[in-house]
Structure formats: C-alpha cells, structure tokens
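Here is the structure we will look at, set down as structure tokens.
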Amino acid sequence: MRDPYVQVFRKYLIFISTIFIFQSCYHYHVLRDYKSVGNTVPGNTKIALVGFYPYKFNTIRAGSHSMVLVTDLDEKSPTWKYFTQGQSLNDFPVKGIDSTVPPDRVKEFVNTYRSYVGMYGDGELRKLVQWSGEAEKESYLFKKRDVDFYVLGIHGPENETNNYGNSFRAIISYPFSVLTLGMIPVWSTRDIHSTFFVYDKQLQLLGKKEFKYKATVFGAWWGRKEEGLFDSELPQNYRNSIYKADVEEFADFFPSFSPQIKK
C-alpha cells in the first residue's frame, strides 16, 4: 500500500515545479538567419513604407484557462528599421490629392490591407487615403506625396496558440521539463508570416513577396529574459525582431520588382 503522505508530497512537488516553470522560465527562439547580399537601390529613390506593424495581444485569464486575443496593431514596434533603403510613410508630407490615381485602384489597395488586418489598419490607411460616405458606398481619393514606390508590409499575427502540433510537442517535453525544474525545455514552434506588396507612385501593383516558416521555441530557465516569460506573450520591444530576417531578405529582393530600380 502506498504511503498517502508520499503521494501528497509528489503532487505538491509537481505543483511547485509547474509554478516554477511558468514563473521562472523564459522563451528562447531559434529564428531563421539571413545574411544580406547587399542589393541596393539608387540613392535618390524614394520608398515609402506602409504598415510594417506586428500585432498587439492581450491575454485574458480565468483560473487555469487563458485566451489570447489580437487587440490592435503595435505601432510602437514597427519593423521599418530593417528596411534601410526606405523610410516611414510619416516622413513624406502630403501635397494634396493625386487625381491621376483612379478611385477603384485606391479602393483595391484599401481592401488588400483590410483583408489581412481588418479595421486595425484604418489608422494607417487614412494617412494615404481620403474616403467618405457610408459603408459599401465609400469614395476614395489618394493623397499625393513625393514618392517613387510604396511598400505595404504585413506581419503575422505570429501564431503559437493555434499551432496544433504544439499540443503533441508539449506532451513529449513538458513532463521532462517539470522533473528537471526547467533544465530540459518545453518545446514548441511559432508560425511567422510576412507579406510585402510593392506599388509604384500611381498605386499600381508591381509585385508581392511572402515569407512563411516555423521558428523553434524553447521554454526553460536558461531562456532569454528579453524574450519574455514562457507563459506570456512576447514583449513589445522584442516582437519586431522575429521579423528581422523577413524584412532584410525582402529589402534585398526589392530591386527585382521594377526595371527602374534594378542595378
């Protein structure tokens, strides 16, 4: 007959180990690496970067259950800095309305961005587009800027919660992590997805480039503090770095979109 005190102690130990893992272990991301090949564009080429925002998340907890919701675009953590050939849209002042851009083309641009980010992107769109009227009857005008190209950058949302393979990975790795107090990591992956659209100054689509891969993620006491606690969302000041390779590779690929900017 098993000693009931031993059973209680074992349950207590498992409980303490679980709390330790959730409160003392950090993420460790193994991201894809990219080394720039050095493709450049002429120095007088003006490239306005639109979007390039990761998502904001809010974790709602109720007892042992939690739900992660997208709440907005994270405009404080853009990935512009990784695209050194371009500048933020905010750096190009508006110079009236460009009547040479057909309203249907502007509407198509608006619908493209909304199809990825929904109404979260309307704040960014209003920097580019002036529209009025009721839903389904809106009129669209394009704001004029001294720009050669527009690049629309869309990230994520990076998806870990709905990655069903992670349930299997957790079943395999979690017991060992508990038994070793976080020395052996909990293993998961995170879907990372970036899409870029290139337009000329008349808002004609020149091309699209997409990047999608799974990053390996470990949760252990030896993880990186700057990447956030194991059971929490990524910190704001780290989130944009998971898209660094995507933006840098796209920046190298960018000159191939138009003969005007090829070497």
Side-chain angles (χ1 to χ4, degrees), residues 34 37 39-42 44-55 73 75 78-80 82-133 135-157 192-213 243 245-263:
Y34 178 75
V37 297
N39 283 344
T40 58
V41 297
N44 60 348
T45 305
K46 299 172 184 176
I47 306 169
L49 307 181
V50 184
F52 285 78
Y53 300 124
Y55 281 88
L73 294 176
E75 296 186 3
T79 60
W80 301 325
Y82 304 125
F83 195 132
T84 56
Q85 298 101 317
Q87 295 174 257
S88 165
L89 177 67
N90 301 325
D91 294 337
F92 298 95
V94 176
K95 298 182 177 181
I97 297 297
D98 190 344
S99 58
T100 65
V101 180
D104 286 348
R105 192 181 298 165
V106 182
K107 182 178 180 180
E108 184 178 355
F109 176 87
V110 169
N111 289 339
T112 295
Y113 195 31
R114 280 181 172 174
S115 71
Y116 284 85
V117 304
M119 299 302 178
Y120 298 125
D122 280 7
E124 186 77 348
L125 286 171
R126 289 189 183 280
K127 299 175 186 177
L128 272 170
V129 178
Q130 178 179 305
W131 72 77
S132 59
E136 306 299 329
K137 296 181 180 180
E138 297 162 316
S139 61
Y140 298 88
L141 297 173
F142 191 60
K143 296 179 180 180
K144 188 174 184 178
R145 288 177 167 85
D146 185 14
V147 167
D148 298 309
F149 300 94
Y150 293 91
V151 177
L152 176 63
I154 302 166
H155 297 304
I192 298 178
H193 188 190
S194 298
T195 307
F196 304 94
F197 295 86
V198 179
Y199 299 86
D200 68 10
K201 62 183 179 181
Q202 294 259 290
L203 214 59
Q204 295 184 98
L205 180 64
L206 300 178
K208 172 184 175 182
K209 184 71 173 176
E210 195 169 14
F211 300 92
K212 191 172 185 178
Y213 76 103
Y243 301 107
D246 294 354
V247 179
E248 289 181 340
E249 184 172 350
F250 171 75
D252 279 345
F253 189 81
F254 175 77
S256 69
F257 279 105
S258 172
Q260 303 173 53
I261 47 179
K262 287 182 179 178
K263 286 185 175 181

Side-chain contact test, heavy atoms from C-beta onward, threshold under 4.5 Å: evaluate it for [X] versus [Y] and give yes or no.
X: Asp122; Y: Arg114; result: yes
X: Phe52; Y: Val151; result: yes
X: Leu73; Y: Tyr55; result: yes

Original post:
Looking only at side chains, do Glu124 and Tyr53 share a donor and an acceptor under 3.5 Å apart?
Top reply: yes
Original post:
Distance only, no hydrogens: is a donor on one side chain within 3.5 Å (strictly under) of an acceptor on the other, for Thr100 and Gln202?
Top reply: yes
**OP:** Determine whether more than 12 heavy atoms belonging to other residues, nucleotides or ligands lie under 6.0 Å from atom CD of Glu210.
**Re:** yes
Original post:
Would you find more than 12 non-hydrogen atoms of other residues, nucleotides or ligands less than 6.0 Å from Lys127 atom NZ?
Top reply: yes
Original post:
Can you list the residues that meet the side-chain hydrogen bond (donor to acceptor under 3.5 Å, both in side chains) rule with Tyr213, with sequence neighbours excluded?
Top reply: none
**OP:** Would you please name every residue forming a side-chain hydrogen bond (donor to acceptor under 3.5 Å, both in side chains) with Tyr150, sequence neighbours left out?
**Re:** none
**OP:** Just say parallel, tilted or perpendicular for the rings of Phe250 and Phe196, cut-offs at 30° and 60°.
**Re:** parallel
Original post:
Taking the six-membered ring for Trp, are His155 and Tyr243 parallel (under 30°), tilted (30 to 60°) or perpendicular (over 60°)?
Top reply: parallel
What's the spacing between [X] [atom1] and [Y] [atom2] if we round to 0.5 Å?
X: Tyr199; Y: Leu206; atom1: OH; atom2: CG; result: 9.5 Å
X: Asp252; Y: Tyr34; atom1: CG; atom2: OH; result: 3.5 Å
X: Thr195; Y: Tyr116; atom1: OG1; atom2: OH; result: 4.5 Å
X: Thr112; Y: Leu205; atom1: OG1; atom2: CG; result: 7.5 Å
X: Phe92; Y: Ile47; atom1: CZ; atom2: CD1; result: 8.5 Å
X: Lys143; Y: Leu128; atom1: NZ; atom2: CG; result: 8.0 Å

Write down the atom of [X], the atom of [Y], and the distance for their closest heavy-atom approach.
X: Leu203; Y: Val106; answer: CD2-CA, 3.9 Å
X: Trp80; Y: Ser88; answer: CH2-OG, 3.3 Å
X: Ser194; Y: Asp246; answer: OG-OD2, 2.7 Å
X: Asp98; Y: Lys201; answer: OD2-O, 4.4 Å
X: Pro54; Y: Pro78; answer: CD-CA, 4.4 Å
X: Asp200; Y: Phe149; answer: CA-CD2, 4.1 Å

**OP:** Could you walk me through whether Ile154 and Phe197 pass the side chain to side chain contact (heavy atoms under 4.5 Å, CB included) test, one step at a time?
**Re:** CA-CA 9 Å; Ile154 302 166; Phe197 295 86; 4.0 Å; yes
**OP:** Would you sort out whether Ile192 and Phe211 count as a side chain to side chain contact (heavy atoms under 4.5 Å, CB included), showing the intermediate values?
**Re:** CA-CA 8 Å; Ile192 298 178; Phe211 300 92; over 6 Å; no
Original post:
Step by step, would you call Lys46 with Asp146 a side chain to side chain contact (heavy atoms under 4.5 Å, CB included)?
Top reply: CA-CA 8 Å; Lys46 299 172 184 176; Asp146 185 14; 2.5 Å; yes
